[in-house]
Amino acid sequence: MPELQLQQKTSYELIEEQSRLNEIARELKSAPVISLDVEVNSLDPHSAKLLLFQLAVPDKAYLFDARHLDLRPFQEVLGDEKILKIAQNAKFDYGMLKELVGIEIVNIFDTMLAERVLTCGLTKLGDLSLVSLSRKYLGLELSKEIRKTFENHLRDFTKKQLDYAATDVLVLFPIYEVQKARLEKERLEKIASLEFKLVPVVSEMELRGFLIDVERWRRAIDDYRRKAKEVDQKMQEELRPYSRATQKDLFGNHANVVNLNSPSQIMEAFRRVGLDLPSTGEEILARHDHPLAKLLLEYREYEKIISAFGDNLLAKINPKTGRIHPDYMQIGADTGRFACSNPNLQQIPTDSLFRSCFIASPDHKLVVADYSQIELRIMAELSEDPVFMKAFREDQDLHALTASQMFGIPLDQITKERRFQAKSINFGLMYGRGAKSLAAQLEVSEEESRQLLDKYFRQYHRVKTWLDSVAREAVRRGDSTTLGGRKRYYEKVTPADPNYERQASYIERQGKNTPIQGTSADITKMALVNIRQRIRKEKLDAVPIHTVHDEVVVEARTSVAERTAKIVKEEMERAGEELLKKVPVKVEVAVSDVWEH
DNA sequence: GGGCCGAGCCAC
DNA sequence: AAACGTGGCTCGGCCC
């Protein structure tokens, strides 16, 4: 079989004439399935040049010299809902074709996403490359060396380059065939289909990017820089008497005694002062009522923001667009959640000092919408706990209600502390949290913490049985499932394994959390797909530009912002109600000039 | 000078 | 330091 593929891969045609391109564009309209790929001289669609565009049917590849040809005739084929388009990491090709040609692909099968869906939890991201997939499914060793040579775009393409380009599209067919069968066998077609429909949303999210108020951001960071410096100097002075190092620099300034960013140096310096710590983590420092511990915590708070978000964020502004264009990894987490990087806009501090620096384009507004307590609602739905379900149906303050029922106190007499304890349990349970760790957070004894959990489970009996059941099943079956039909697989563990207890309890915690977190991801993804569809149907000037797990940010022209907000709310709730039948879904939406709720 | 890792910490 | 799920980023510190 691999030999046969090798034979087939060399069947290609290089097209340099527009008339021939037009002819093929007409012919391909009757093809049920095609594969596609692009070769470009840059990964940034805003500055890249399209060099080669590849299309294929199972036995032949067409290589179009994109430097000299008008690819727009392919709009009809690529935009045809009846023709399936196979691509590896389709987000990339979609973005390039949209930005550089103005073509939008519909009906996508992405071999990379398919593989991620099929092996979720078992594979590393590197295993998703076309090289890995070809090896796994075809026993074929691809070489990616040639790709780099596409940078020189003035010369004729070499035979090696053309072979490479043809192979890249031809291998997609046999890979697709096997993946398709496996998706059906594992009942993963539905979730894979959702992921495929999400590709254009994610690609457009990256293309559009987010506008930053640079001056405002600089002021916020400078403010933190000043504060950090003050604390740093204070600490150096406090620690200097205990240090042997007393050097001064050329200007007579004292050298720093300790690098506050180095945990090992901190540990050593603190020990000399008589502050002997097992670690310099936040928890430990907070527990010690020592002025130096307090100062260090303050320093870390400032330093973290400065280093992680300061100039580095501004450095990510694209010179061509003046905006931030992060990379969204569509199935970044094994639960199905997105991941975001370069920069990770999913970890911008919630403080409005920072979020308000993310702004709408001129003449635009931001529609910011998020689900209210979606994960707890999912836990209520999945566990079918009657008390939990009733609380959501009556739109009650769930944490206060939990406290009221646990402690037998009327709702209006719940103290902040009681509510906090109840809230900690509500959230903690979704992570598989135990009595010991709960005791640490609540600063009570392990025995008291155990009693709190007992009280909780007496009220929410079904929550306990559900959690125990999914935990057990995760270990026994080796997978977890979400309401959207997503699966997460776990490495097999056996009682014979010396680490069995530790591994099994880890899988148990993941088994409790994955159906909840994963279903939340399913819902947000369904919403994003439907929001885009509605926006296009009504021809609104609006586009999703960001998502943070249970939150969606859409940039809309001011004139249609209110209408967009209505659609976003409707579609998010509809997506939620598609999967949650026993519990209502609540979405809060705001229209604003900046990223805030 | 680059790659890797753990510590620490931001988000949900 | 470990304790409760999912990520990414920066740093120091180590390696080659």
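Chain letters run A, B, ... following the sequence lines, proteins first and then strands; every chain starts at 1.
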Between [N] and [M], how many Å separate the two [atom1] atoms, rounded to a whole number?
N      : M       : atom1 : answer
dA3(C) : dC4(B)  : P     : 27 Å
dA7(B) : dA2(C)  : P     : 8 Å
dG8(B) : dA1(C)  : C1'   : 13 Å
dC4(C) : dC12(B) : P     : 22 Å

Would you say [N] has OP1 or OP2 under 4.0 Å from some side-chain N or O of [X]?
X         : N       : result
Arg509(A) : dT6(C)  : no
Ser437(A) : dC4(C)  : yes
Ser341(A) : dG7(C)  : no
Asn312(A) : dT10(C) : yes

Task: Arg300(A)-Thr280(A) side chain donor-acceptor pair, cut-off 3.5 Å - done: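 Result is yes, a qualifying pair exists.
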- [ ] Go through the side-chain N and O atoms of Glu447(A) and Gln451(A) and say whether any donor and acceptor fall under 3.5 Å apart.
- [x]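 Indeed, the side chains of Glu447(A) and Gln451(A) share at least one donor-acceptor pair under 3.5 Å.
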Open item on the list: Heavy atoms only, 4.0 Å cut-off, all strands: where does Glu375(A) land among base, sugar-phosphate and nothing?
Closed with: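 Contact class for Glu375(A): none.
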TODO: Mind checking Tyr506(A) for me? I need base, sugar-phosphate or nothing, with any heavy atom below 4.0 Å counting as a touch.
DONE: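 Here Tyr506(A) touches the backbone only, sparing every base.
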- [ ] Scan residues 438-450 of chain A against DNA chain B and write down, sorted by residue number, each residue with any heavy atom closer than 4.0 Å; if none is found, say none.
- [x]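 Listed by number, there are none.
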Distance check needed: [N] [atom2] versus [X] [atom1], whole Å only.
X         : N       : atom1 : atom2 : result
Asp311(A) : dC11(C) : CG    : P     : 11 Å
Leu382(A) : dG5(C)  : CG    : P     : 19 Å
Leu260(A) : dC11(C) : CG    : P     : 14 Å
Leu345(A) : dC9(C)  : CG    : C1'   : 13 Å
Tyr328(A) : dG8(C)  : OH    : C1'   : 13 Å
Arg502(A) : dA2(C)  : CZ    : P     : 11 Å
Asp327(A) : dG7(C)  : CG    : P     : 17 Å

Open item on the list: Which label fits Phe354(A) and Tyr224(A): parallel for a plane angle under 30°, tilted from 30 to 60°, or perpendicular past 60°?
Closed with: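 Geometry flag for Tyr224(A) against Phe354(A): perpendicular rings.
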- [ ] Fit a plane to each ring of Phe388(A) and Tyr456(A), take the angle between them on a 0 to 90° scale, and name the class: parallel (under 30°), tilted (30 to 60°) or perpendicular (over 60°).
- [x]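 Phe388(A) vs Tyr456(A) ring planes: perpendicular.
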- [ ] List the protein contact pattern of nucleotides 5-12 of chain B with one symbol per nucleotide (5' to 3'): B for base contact, S for sugar-phosphate-only contact, - for none; contact means a heavy-atom distance under 4.0 Å.
- [x] ---BBBSB
Open item on the list: Return whichever of Thr514(A) or Pro343(A) has its heavy-atom-nearest nucleotide of DNA chain C closer to the 5' end.
Closed with: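 Looking at DNA chain C, the more 5' nearest nucleotide goes with Thr514(A).
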Open item on the list: Can you tell whether the side chains of Glu230(A) and Arg226(A) come within less than 4.0 Å, N to carboxylate O?
Closed with: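 Salt bridge: no.
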Task: Salt-bridge present (Lys294(A), Asp289(A); N to O < 4.0 Å) - done: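 Here Lys294(A) pairs with Asp289(A) in a salt bridge, since their nearest N and O are under 4.0 Å apart.
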TODO: Identify the heavy atoms of Ser480(A) and Tyr490(A) that sit nearest to each other, and give their distance.
DONE: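 Heavy atoms of Ser480(A) and Tyr490(A) come nearest at OG-OH, 2.7 Å.
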Open item on the list: Restricting to non-hydrogen atoms, name the atom on Leu188(A) and the atom on Val117(A) that form the minimum distance, rounded to 0.1 Å.
Closed with: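 Minimum heavy-atom separation between Leu188(A) and Val117(A): CD1-O, 3.7 Å.
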Task: Close side-chain approach of Glu555(A) to Pro544(A), heavy-atom, < 4.5 Å - done: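 Not touching, per the 4.5 Å side-chain cut-off.
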Open item on the list: I'd like to know whether Glu186(A) forms a side-chain hydrogen bond (donor to acceptor under 3.5 Å, both in side chains) with Tyr489(A), so could you lay out the CA-CA distance, the side-chain angles of the two residues, the decisive distance to 0.1 Å, and finally the verdict.
Closed with: CA-CA 11 Å; Glu186(A) 292 286 314; Tyr489(A) 300 94; 2.7 Å; yes
